[in-house]
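When a residue number appears, it is its place in the shown sequence, counting from 1. Any value given below was found using the heavy atoms of this structure, including those in side chains, with hydrogens, waters and symmetry copies removed.
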Amino acid sequence: MSKKIAILHTSFVFVSVEPIINDLIAELIPDAEVLHFVDSDVLATVVRENGISDHSEARMVHLAQAAEEAGADIIFSACSSLGPALDAAARKVHTPVVKIDEAMAIRAAAEGNRIGVLATVPTTLGPTSDLIRTKAGEIGRDLAIETRLCDGAFSVLMSGDRGRHDDMVIEQAVDLAKQVDMIVLAQASMNRLAPVLEEKTKIPVLSSPRLGVDFLARRVAELSP
């Protein structure tokens, strides 16, 4: 029996700009029924307010509750910036909640020593870094984390200029690689650049979509028939 997966979005990037999540679910969980729940303004609000307010957290809780009321078997959060709000949402619903960057953080914590977290949205740097530190603490590892923002790149991507976005990310990644031994891409929207960045930086580059959807597939397989 197919399972119903609810994807929570905080912008239209994975709905109309980058179809990577839909493509990966079609590949790895081909019999799943996928529902999309979008609050297209909440990420912009978090960026504008430079953090997650109680109101923004409540919006993510409501999104998760709507997914649960729609009969979702599992909820998949496509946004790294709102990670802490998803923790709050997970406590308010009975449906399992999976974060897109959880598996990436687990791998980074296990394999990296000096990790560079590269983001195109400033509010993702903290949550991604904190998640990696949490996963490292769970296995008794102490890591050094360097954060780097590609300021303005996400807005450029949303305007439709992929080429300029890519050039901005590549420039920052090459410079960041001088200080670290692994790069973690905090935005799933940078996923398609991972192979290029590995070639140019000569160090491992982790991106969340495939790792995240593979982790989601394992969680779906564990659900009761």
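- The salt bridge (Lys or Arg N to Asp or Glu O under 4.0 Å) test applied to E102 returns K135, not counting sequence neighbours.
- The side chain to side chain donor-acceptor pair (under 3.5 Å) search around D73 returns none, not counting sequence neighbours.
- Distance alone, capped at 3.5 Å, places no donor-acceptor pair between the E57 side chain and the A85 backbone.
- Closest of all the heavy-atom pairs between K4 and A70 is NZ-O, 3.4 Å.
- Sorted by first and then second residue, the pairs that involve residues 19-37 and meet salt bridge (Lys or Arg N to Asp or Glu O under 4.0 Å), not counting sequence neighbours, are E27-R210.
- Residues meeting the salt bridge (Lys or Arg N to Asp or Glu O under 4.0 Å) test with D214, sequence neighbours left out: R218.
- Residues in residues 86-98 take part in these salt bridge (Lys or Arg N to Asp or Glu O under 4.0 Å) pairs, two or more places apart or across chains: D87-K99.
- Judged as a salt bridge (Lys or Arg N to Asp or Glu O under 4.0 Å), not a single pair has a partner in residues 60-71 (not counting sequence neighbours).
- Within the structure, salt bridge (Lys or Arg N to Asp or Glu O under 4.0 Å) contacts touching residues 139-156 (residues at least two apart or in different chains) are R148-D175.
- Residues R48 and T45 have side chains that bring a donor and an acceptor to within less than 3.5 angstrom of each other.
- Legend: residues meeting salt bridge (Lys or Arg N to Asp or Glu O under 4.0 Å) with E111, ordered by chain and number and at least two apart, are R107.
- Partners of P195 by side chain to side chain contact (heavy atoms under 4.5 Å, CB included), not counting sequence neighbours: none found.
- A89 meets the side chain to side chain contact (heavy atoms under 4.5 Å, CB included) test with V61, A64, L86; sequence neighbours excluded.
- With a 4.5 Å cut-off between side-chain heavy atoms of Ile, Leu, Val, Met, Phe, Trp and Tyr, the cluster of V184 takes in M104, I115, V117, L125, I132, L143, I145, L149, M182, L206, L211.
- Judged as a side chain to side chain donor-acceptor pair (under 3.5 Å), and not counting sequence neighbours, D167 has no contacts.
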